[in-house]
Amino acid sequence: MKYKKSKKHLKLEKRIKENLHKLFKSAIGQFAFIEPYLVFTWEIFTALKLLSICENSKTYMEESSEVAEVLKSKSRQNFVINCVTALENYLKYRILELFWWDNQVCQKLEKTKNSTNWKSSLNWKGIIELLKSKDNFQLLFEEWNEEGQGKGGRNPGLILISTFSFQNIYDINLVISKIIGKDFFDEVESKEVSFPHMYFTPLKDLIDCYKKEIERINSEKNNYSGGNNWSATLFDISKKLLEKQGKFILKREHPDWKLKMQKLFEVRNEFVHYIDSRNLSKEEITDLLLVLDKLSQCLEYFFSEFSDKIYEPLIELEYEFEF
């Protein structure tokens, strides 16, 4: 007997299709599935560059102090919104990637008849709990019977990213913890991270680029006092990032990182939903950016290790990956 989908599930399917379209409609979206961290870095790059240009624009000098402050406040609000969106999309791509790799391993081992002793690296008990908590397990089960995972948007990750929010730290930790079978945040903050220099380069180049752009803009200003110059601020960021290359443990370096990330999400929601919102200082922006940078390195380090664990059986079979 064919499963009759409820209005709730039909609505969910529509949301899944929308997510597929948004995440993969462009070339950059397709690339993000393969290299989510590099795309995340680019999103932060463009957001901070835009903020730097706005902060040092001649427009502020030509407007009244009240108008200038409003413009600065709005530019900082947009920066926060863009940062949260970049992080949200990074996590979504990574979740989809985990399920994709798991499915690749399962299908390949079945074809080679080597799946007898294979055990998925994903915590399917926890994944089923997540699906049942939103009354979506039956939907997934029926769709798998009809078309199979990976076809028609049946990747379980699509259901999860379409029913849970990734704009608060509670849901992020809940969903990914269930998927991996361990406390996600504990894994991320406790690991000693040694981030490859090749991954750090875009961030260093990002800061250098901003500094040059700011110096160029400032040189064009007439009678500029330098009071709101972001060049010094970005230099400090660059210096701190360079000083902290190499191995680090997030909970030691930033023991309050969860509180700061929660603040980032809270102010983002406030900026999106309320017209009259609080102002963020340059110091607050800088602080949030530094924590976000370190957290993103830890996330990428963790997901890279976990992905290696998932497709290790394919490496042993010298399997040629097909994207």
Side-chain angles (χ1 to χ4, degrees), residues 23 31-41 87-131 140 144 148-150 154-161 164 166 169 171-200 246-251 257 294-323:
L23 292 171
F31 180 70
F33 180 72
I34 302 172
E35 290 288 353
Y37 181 74
L38 291 181
V39 174
F40 167 82
T41 302
L87 179 61
E88 179 184 12
N89 285 332
Y90 169 82
L91 292 170
K92 287 180 178 180
Y93 282 117
R94 272 305 195 179
I95 288 172
L96 293 176
E97 187 183 45
L98 292 180
F99 282 102
W100 185 86
W101 277 119
D102 187 74
N103 187 46
Q104 288 286 303
V105 174
C106 181
Q107 289 186 3
K108 181 61 180 179
L109 293 182
E110 283 182 352
K111 289 179 181 179
T112 57
K113 298 181 180 180
N114 288 321
S115 61
T116 306
N117 298 321
W118 174 75
K119 183 179 179 182
S120 174
S121 297
L122 302 185
N123 175 36
W124 281 96
K125 180 180 178 181
I127 294 165
I128 292 171
E129 288 176 3
L130 287 174
L131 293 168
L140 177 68
W144 268 1
Q149 182 184 353
R154 310 313 178 190
N155 182 319
L158 280 167
I159 294 182
L160 296 179
I161 68 173
F164 287 90
F166 290 85
I169 62 173
D171 273 10
I172 290 172
N173 193 45
L174 171 68
V175 173
I176 304 180
S177 294
K178 291 290 187 180
I179 293 174
I180 66 174
K182 299 177 182 178
D183 187 283
F184 176 55
F185 282 165
D186 183 62
E187 290 290 306
V188 168
E189 72 172 3
S190 302
K191 283 183 177 292
E192 184 178 60
V193 174
S194 179
F195 213 60
H197 180 75
M198 62 176 285
Y199 282 107
F200 182 83
K247 295 182 179 180
F248 70 93
I249 298 175
L250 183 62
K251 67 179 181 181
W257 73 268
K294 284 301 178 186
L295 173 61
S296 67
Q297 291 185 39
C298 292
L299 291 173
E300 180 63 13
Y301 189 85
F302 169 81
F303 280 118
S304 296
E305 278 198 335
F306 200 85
S307 295
D308 288 347
K309 179 182 176 183
I310 292 177
Y311 59 71
E312 186 175 356
L314 298 186
I315 296 176
E316 294 175 358
L317 291 173
E318 297 183 349
Y319 174 64
E320 185 176 345
F321 303 131
E322 297 178 359
F323 290 97

Check: Can you find a pair of side-chain heavy atoms, one from F248 and one from C298, that are under 4.5 Å apart?
Finding: yes
Next item on the list: With rounding to the nearest 0.5 Å, note down the distance linking CH2 in W101 to OG in S121.
Entry: 12.5 Å
Margin query: Apply side chain to side chain contact (heavy atoms under 4.5 Å, CB included) to residues W257 and F185 and explain how you reach the verdict.
Written below: CA-CA 11 Å; W257 73 268; F185 282 165; 3.6 Å; yes
Next item on the list: Taking all heavy atoms of S190 and all of I249, pick out the closest pair and write down the distance.
Entry: O-CG2, 3.9 Å
Check: What is the distance from atom CG of D186 to atom NZ of K251, rounded to the nearest 0.5 Å?
Finding: 6.0 Å
Check: Which residues pass the side chain to side chain contact (heavy atoms under 4.5 Å, CB included) test with S120, sequence neighbours left out?
Finding: D102, W118, L122, W124
Note to self: Tell me if a side-chain donor or acceptor on N123 pairs with a main-chain N or O of I180 at a distance below 3.5 Å.
What the structure shows: no
Next item on the list: Kindly indicate, with the supporting measurements, whether the criterion side chain to side chain contact (heavy atoms under 4.5 Å, CB included) is fulfilled by V188 and V193.
Entry: CA-CA 9 Å; V188 168; V193 174; over 6 Å; no
Checklist line | Beyond-backbone contact of F40 with L299, side-chain heavy atoms, under 4.5 angstrom | finding: no
Next item on the list: Let me see the working for L160 and F99 under side chain to side chain contact (heavy atoms under 4.5 Å, CB included), right down to the final yes or no.
Entry: CA-CA 11 Å; L160 296 179; F99 282 102; 3.9 Å; yes
Margin query: Please determine whether a side-chain nitrogen of the Lys or Arg among R94 and E97 lies less than 4.0 Å from a carboxylate oxygen of the Asp or Glu.
Written below: yes
Check: Minimum heavy-atom separation for F164 to V175, with atom names?
Finding: CG-CG2, 3.5 Å
Next item on the list: Could you pull out the closest heavy-atom pair between I179 and I127, with the gap in Å?
Entry: CA-CG1, 4.0 Å
Check: Measuring from L98:CG to I310:CD1, what's the distance to the nearest 0.5 Å?
Finding: 4.5 Å
Checklist line | Smallest separation among heavy atoms of G157 and I95, with atom names | finding: CA-CG2, 4.1 Å
Notebook entry, point to check: Quick one: CG on D183 to CD1 on I176, what's the gap to the nearest 0.5 Å?
Noted result: 11.0 Å
Next item on the list: Find out whether the Lys NZ or Arg CZ of K191 is both under 6.0 angstrom from the six-membered ring centre of Y301 and within 45° of the ring's axis.
Entry: no
Next item on the list: May I ask you to test the K178-F184 pair for a side-chain heavy-atom distance under 4.5 Å?
Entry: no
Margin query: Check this for me: does any side-chain nitrogen of one of K309 and E305 sit under 4.0 Å from a carboxylate oxygen of the other?
Written below: no
Margin query: Is there a side-chain contact between L174 and L130 in this structure, where contact means two heavy atoms from C-beta onward sitting under 4.5 Å apart?
Written below: yes
Checklist line | Aromatic plane relationship, Y90 with F303 - under 30° parallel, 30 to 60° tilted, over 60° perpendicular | finding: perpendicular
